[in-house]
Amino acid sequence: MAELSFSATILNVNDDEATRYLSTRTLRLAGYRVLEAATGEEALRLASQERPDVVVLDVKLPDISGYEVCKRLRGQPETASIAVMHTSATYVTPDKKVRGLEGGADAYLTEPFEGEELIATVRSLLRMRRAEQDLRRHAEHLTEADQRKDLFLAMLAHELRNPLAAITTAAGILQRRAPEDPKDARMVSIIQRQTNHLARLVEDLLDVSRLTRGKVELRQARVDLRGVLEQVLTIFRPQAEGKHLTLESDLPAVPMWMEADTTRLVQVFTNLLDNALKYTNAGGTITVKAERVPTGDTSESARVRVTDTGIGIRPEILPSVFELFAQADESLERTRGGLGIGLTLVHNLVEMHGGRVEAHSDGPGRGSEFVVWLPLQPRTEDSSEEVVVLPELVKRRRHILLVEDNADARQALQDLLETWGHRVEVAADGLRGLELAVQRMPEVALVDIGLPGLDGYRVAEELRAKIGRGIRLVALTGYGGTEDRGRALEAGFDLHLVKPVKPDDLNRLLSEL
């Protein structure tokens, strides 16, 4: 047991000199370094200064009790992990032992005790302490590894978003030029679909990391769930047709109002429909049905069913489909693709909205159904007549400054903006962007964050200091975390957009600014 006594320090606290001497002698003969204290206050001082491995602590002390000493040791972060062994010649009843152990002591010995018993108990406490230290170090290593993973994912997303932004913008320009050759048109359509798919994968991967760390925050507002579903269906109908699938919908004739984050709701139903398309073969049918369901005297929930006639889910897999990296297609061929994270996001985001999601399937080859329940706002007398009127986009030419260090992304976005009739000036770094903004006074500045020379945050801060609110600042960046958005707004940006931005979304934004 030499390895347990090597460099271990024991603090022996007892006001009886004879008892303290015998215990100290026994411990030193066993190879331990021993410190002594005769009072509770002295024990606390030595424990704070020397950080012993074990405190052998008599319960009855002249100033404060051993119970109080133990309580104070546990209450300080620097001494909380020290092992404590209570000893007593008088407080030996079961209730006293229970009081000591519940107060934070790790062991309790009744005096007089044999030297072998003292050494055996100290060794046991040292083993326990070493095990706790190993676990603590392991947890710290895991935390560090998790932090490195999150940093890697953030950097990976940023590096992927720059080329994705350039491809998305270039494809948007090509589509607007309406290629005469049908093959060219198909190629442009393929580029757009696959780029959107890649962008979605990047976002899902990052969102899983954010959700596990509790970093996702909902930006809630009054939202029409029916409108959200119509928006998602509009996106997926061309994809369904391209795969020779029938996409049917059954939605209420009136709005379904709720408090929600529109972006996150779109993400939920996008993932569900993406799964349905992925796991349904040509000729199959996908149905989206939404309805109101009473859940109380006056409360109602929305029940949204996404049903497909696809490959189905095996009974043994069904209970775990919402777990991270779970896959319905576990074959070696992995013909269906996917990372196994979409349903995890659906489950977590629905729960964050106060709802729940269920998965049903009668087995392989018999399709699947995912049911989402979300709380609705109480109906008002005229709620059935409410109509959502989308504001008409006001199109006008603008003077725009684009600050982007990625040459392809800069050129593609400049060409797209000029195609819409805007006057565009460009800069490849923050210093040049700041100089152009002050000299030319553009109406809008689209500014990347990761710029050489002067990053986007500094550009925004300098512009606000020099020309105030006379310019609309839009952060156009690959950094998409909640903290990134907050930092951008704090620096002075009016909006924070994550690459790649779809051309239609950018056009709408510029029209609404």
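Residue numbers run from 1 in the order of the sequence given. The model shown is predicted, which means the values in this text are computed figures rather than measured ones. Note that these values count all heavy atoms, side chains included, but never hydrogens, waters or copies made by symmetry.
- Listed by first then second residue, pairs satisfying ring pair (Phe, Tyr, Trp, His ring centres under 6.0 Å) with a partner in residues 7-28 number zero, not counting sequence neighbours.
- For E358 and R356, the salt-bridge test passes: some basic side-chain N is under 4.0 Å from an acidic carboxylate O.
- With no hydrogens or angles considered, no side-chain donor-acceptor pair links R136 and Q133 at under 3.5 Å.
- Using a 4.0 Å cut-off between charged side-chain N and carboxylate O, R305 and E369 make a salt bridge.
- For the pair D106 and R74, the salt-bridge criterion is met [side-chain N within less than 4.0 Å of a carboxylate O].
- Ion pairing between a basic and an acidic side chain is recognised when a charged N comes within 4.0 Å of a carboxylate O; R469 and D494 show such pairing.
- If you take OG1 on T121 and CE on M85, they are separated by 5.5 Å, rounding to the nearest 0.5 Å.
- Atom CG of D53 sits about 10.5 Å away from atom CG of L125, to the nearest 0.5 Å.
- Taking the charged nitrogens against the carboxylate oxygens, D448 and K499 do have a contact shorter than 4.0 Å, which makes a salt bridge.
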Show me, pair by pair, the donor-acceptor contacts under 3.5 angstrom made by side chains of residues 451-460, not counting sequence neighbours?
unit_1 : atom_1 : unit_2 : atom_2 : d
D455   : OD1    : Y457   : N      : 3.0
D455   : OD1    : R458   : N      : 2.9

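- No hydrogens or angles considered: a donor-acceptor pair under 3.5 Å links the side chains of Q49 and R45.
- A distance of 10.0 Å separates OG1 of T9 from CG of L126, quoted to the nearest 0.5 Å.
- Between the side chains of H353 and E351, not a single donor N or O lies within less than 3.5 Å of an accepting N or O.
- For H347, the ring-ring contact (aromatic ring centres under 6.0 Å, His included) partners at least two apart in sequence or on another chain are F322.
- A side-chain N or O of E36 and one of T24 form a donor-acceptor pair less than 3.5 Å apart.
- We find the CG-CZ distance between L446 and R410 to be 13.5 Å, quoted to the nearest 0.5 Å.
- The pair R129-D134 fails the salt-bridge criterion, with no side-chain N (NZ, NE, NH1 or NH2) lying under 4.0 Å from an Asp/Glu carboxylate O.
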Quiz prompt | Evaluation steps, ring pair (Phe, Tyr, Trp, His ring centres under 6.0 Å), between F370 and H360 | solution = CA-CA 6 Å; F370 289 87; H360 306 284; 8.6 Å; no
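- A salt bridge is defined here as a Lys NZ or Arg NE, NH1 or NH2 lying under 4.0 Å from an Asp or Glu carboxylate O, and E41 with R72 meets this definition.
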